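Only a predicted model underlies this, so the values are computations on that prediction, with no experimental measurement involved. By convention here, the first residue in the shown sequence is residue 1.
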Amino acid sequence: MSAAPETYDAIVLGAGGAGLMCAAMAGQRGRRVLVIDHADQAGKKILISGGGRCNFTNIHTAPDRYLSANPHFAKSALGRYTPQDFLALVERHGIAWHEKTLGQLFCDQSARQIVAMLLAECEAGGVTIRLSHVISAVTHADGRYSVTHGGRIATAPALVIATGGPSIPKIGATAFAYDLARQFGLKVVEPRPALVPLTLGGEDLLFRSLSGVSTEVVARHGKTAFREAALLTHRGLSGPAILQISSYWRHGAAIALDFLPDQTPGWLTEAKRGKPRATLTQSLRGHLPDRLADALAERLALPGDLGNIPDRKLQDAERRLSAWSFTPNGTEGFAKAEVTIGGISTAGLSSQTMEARHLPGLYAIGEAVDVTGWLGGYNFQWAWASGWVAAQFL
């Protein structure tokens with residue numbers, strides 16, 4: 001153990017997106033900042049995001065695209081540090097980018113550029129970063145936080161919890177943030193996997209034979225709906241539409257898929273008038289991948305020519321195709337979840353500063369907090385915004 005504790009103005013636990021952003025901005029405000037992470041590399045989640053190209057923000061960011069026990073909590077941070085603010089930083093570092101669908105911004109080349117940018121910003125702020133350092137103890141006394149890590153002790157009047165949630169454990173993600181929060185008297189909203197594939201059983205397993213088939217759908221759960229691609233897998237359902245709806249799904253509930261979102265009511269009876277000799281299978285093949293069309297037609301069990309099927313039965317088939325019900329038996333868990341829903345309760349934090357209300361100097365930011373965005377760059381924007389806000393008060 002070092003002879004005397006090292007002193008800093010702030011200690012940031014976690015070298016992910018939120019932690020690096022916070023450290024860089026605080027360092028550039030003249031604060032002496034230490035970042036500690038048990039991983040051997042900074043920004044591991046950034047590196048694997050967006051297929052290695054990092055979907056670093058979304059230009060349509062708005063508070064209503066985030067889930068939290070307090071839907072108003074994210075408004076302040078998101079309003080003060082916007083996608084345009086982060087994009088300006090990206091462009092200042094000469095990183096080429098492009099917009100994909102639905103406002104998603106990606107690097108043209110590599111997610112490594114975003115990590116390199118954040119590290120360069122940390123360097124500009126004189127930030128000390130220690131990787132591969134396991135934290136063995138965190139304590140608070142006399143207005144200072146002490147962190148024992150890798151045979152050293154560091155102390156500071158401010159401590160930032162930025163260690164994320166337990167999603168994607170293969171890159172080292174853990175529930176450390178929640179244990180630490182509880183240690184300091186903060187409540188934790190039940191964490192569960194989000195942006196995660198759903199698994200099916202029973203009757204729905206008949207769709208397993210369609211593994212690999214993808215089609216555009218509208219996925220619905222209650223009043224929430226997303227129009228994007230759905231992918232049938234050997235375990236159930238995946239693809240962007242399913243990942244989005246998974247954040248709203250609770251065990252035991254059903255979800256509905258509209259397999260033909262562009263068709264207006266009455267399209268099958270119109271098809272019957274226009275091509276009475278066509279079969280239901282042939283009609284569906286005109287709009288869906290063949291294997292999926294065949295499977296759905298088989299389930300609907302309306303054999304023969306459309307001309308011989310009563311309009312009422314065709315209307316029933318239309319309704320089922322526009323709201324095909326699945327009751328998932330679970331998710332693929334934290335191992336496959338892109339993010340975590342739940343986390344450190346916002347009730348104990350200031351939305352203006354990200355600081356704990358009852359304990360001066362303790363902050364929580366990023367995925368560790370009970371704020372979870374939609375798929376498509378929203379969670380990174382929360383990381384940047386919450387990190388930036390906390391940095392203004394360190």
Side-chain angles (χ1 to χ4, degrees), residues 1-44 118-165 172-186 188 343-344 348-350 353-369 383 386-394:
M1 201 70 71
S2 56
E6 303 167 346
T7 59
Y8 293 88
D9 297 317
I11 299 170
V12 178
L13 305 182
L20 292 175
M21 185 69 171
C22 180
M25 297 301 104
Q28 290 176 30
R29 291 183 63 242
R31 305 298 181 265
R32 192 157 176 257
V33 184
L34 170 67
V35 178
I36 307 170
D37 201 306
H38 69 140
D40 58 357
Q41 220 176 352
K44 276 198 165 181
L118 292 169
L119 291 175
E121 289 290 318
C122 283
E123 189 174 350
V127 175
T128 301
I129 299 176
R130 292 194 182 134
L131 303 174
S132 301
H133 275 243
V134 175
I135 296 165
S136 53
V138 182
T139 58
H140 178 251
D142 302 324
R144 293 190 75 83
Y145 296 87
S146 295
V147 181
T148 305
H149 62 290
R152 303 170 184 242
I153 297 178
T155 77
L159 180 74
V160 183
I161 303 173
T163 53
T174 71
F176 177 83
Y178 311 149
D179 296 337
L180 196 56
R182 291 188 188 101
Q183 176 188 326
F184 288 122
L186 289 169
V188 174
I344 298 171
L349 302 174
S350 162
T353 65
M354 307 305 294
E355 187 176 19
R357 294 183 183 281
H358 74 291
L359 192 55
L362 180 66
Y363 297 77
I365 58 175
E367 192 186 339
V369 178
S386 60
W388 182 90
V389 163
Q392 308 311 304
F393 296 92
L394 293 177

> What is the distance from atom CG of Leu34 to atom NE2 of His133, rounded to the nearest 0.5 Å?
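Separation between the atoms: 9.0 Å.
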
> Test Arg144 against every option in Thr139, Leu159, Thr155, Ile11 by the side chain to side chain contact (heavy atoms under 4.5 Å, CB included) rule and name the one that passes.
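Running side chain to side chain contact (heavy atoms under 4.5 Å, CB included) over Thr139, Leu159, Thr155, Ile11 with Arg144 returns exactly one hit, Thr155.
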
> What's the verdict on side chain to side chain contact (heavy atoms under 4.5 Å, CB included) for Ile129 and Cys122, showing C-alpha distance, side-chain angles and the deciding distance?
CA-CA 9 Å; Ile129 299 176; Cys122 283; 4.1 Å; yes

> Which pairs count as side-chain hydrogen bond (donor to acceptor under 3.5 Å, both in side chains) when at least one residue sits in residues 19-38, sequence neighbours excluded?
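Passing the test, one end in residues 19-38: Gln28-Glu121.
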
> Restricting to non-hydrogen atoms, name the atom on Gly30 and the atom on Asp9 that form the minimum distance, rounded to 0.1 Å.
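Nearest heavy atoms, Gly30 then Asp9: O-OD2, 4.2 Å.
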
> Which side-chain N or O atoms in residues 172-181 pair as donor and acceptor under 3.5 Å with protein atoms at least two apart or in another chain?
unit_1, atom_1, unit_2, atom_2, d
Thr174, OG1, Phe176, N, 3.1

> Leu131 and Ala39: which non-hydrogen atoms are nearest, and at how many Å?
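Heavy-atom minimum between the residues: CB-O, 3.4 Å.
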
> Which atom names give the shortest non-hydrogen contact between Ile344 and Ala364, and what distance separates them?
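Closest approach of Ile344 to Ala364: CD1-CB, 3.8 Å.
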
> Donor-acceptor pair, His149 side chain versus Val138 backbone, under 3.5 Å?
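No; judged by distance alone, with no hydrogens or angles, the pair does not exist.
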
> Any chance you could measure Cys22, atom SG, to Ile161, atom CD1, to the nearest 0.5 Å?
12.0 Å

> How long is the straight-line distance from CD1 of Ile135 back to CD1 of Ile36, given to the nearest 0.5 Å?
5.0 Å

> Can you establish whether the number of heavy atoms outside Glu123 located under 6.0 Å from its atom CD is more than 12?
no

> Compare every heavy atom of Val33 with every heavy atom of Ala23, then report the nearest pair and how far apart it is.
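For Ala23 versus Val33, the nearest heavy atoms are CB-CG1, 3.8 Å.
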
> Identify the heavy atoms of Ala18 and Gly366 that sit nearest to each other, and give their distance.
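Minimum heavy-atom contact is CB-CA, 3.8 Å.
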
> Give the minimum heavy-atom separation between Trp388 and Met25, together with the two atoms involved.
CD1-CG, 3.7 Å

> Under the side-chain hydrogen bond (donor to acceptor under 3.5 Å, both in side chains) test, which residues partner Ser146, sequence neighbours left out?
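Checked Ser146 against side-chain hydrogen bond (donor to acceptor under 3.5 Å, both in side chains); zero matches.
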
> To the closest 0.5 Å, what do you measure between CD1 (Ile365) and OG1 (Thr353)?
12.0 Å

> So, taking the atom named OH in Tyr145 and the one named CG in Leu359, what distance separates them when rounded to the nearest 0.5 Å?
3.5 Å

> Distance-only, no hydrogens or angles: does the Glu355 side chain make a donor-acceptor pair with backbone N or O of Phe393 under 3.5 Å?
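Not at all, since once roles are kept as given, no pair shorter than 3.5 Å links the two residues.
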
> Can you tell me how far the CG atom of Leu394 sits from the OH atom of Tyr363, to the nearest 0.5 Å?
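Nearest 0.5 Å value for the CG-OH distance: 5.0 Å.
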
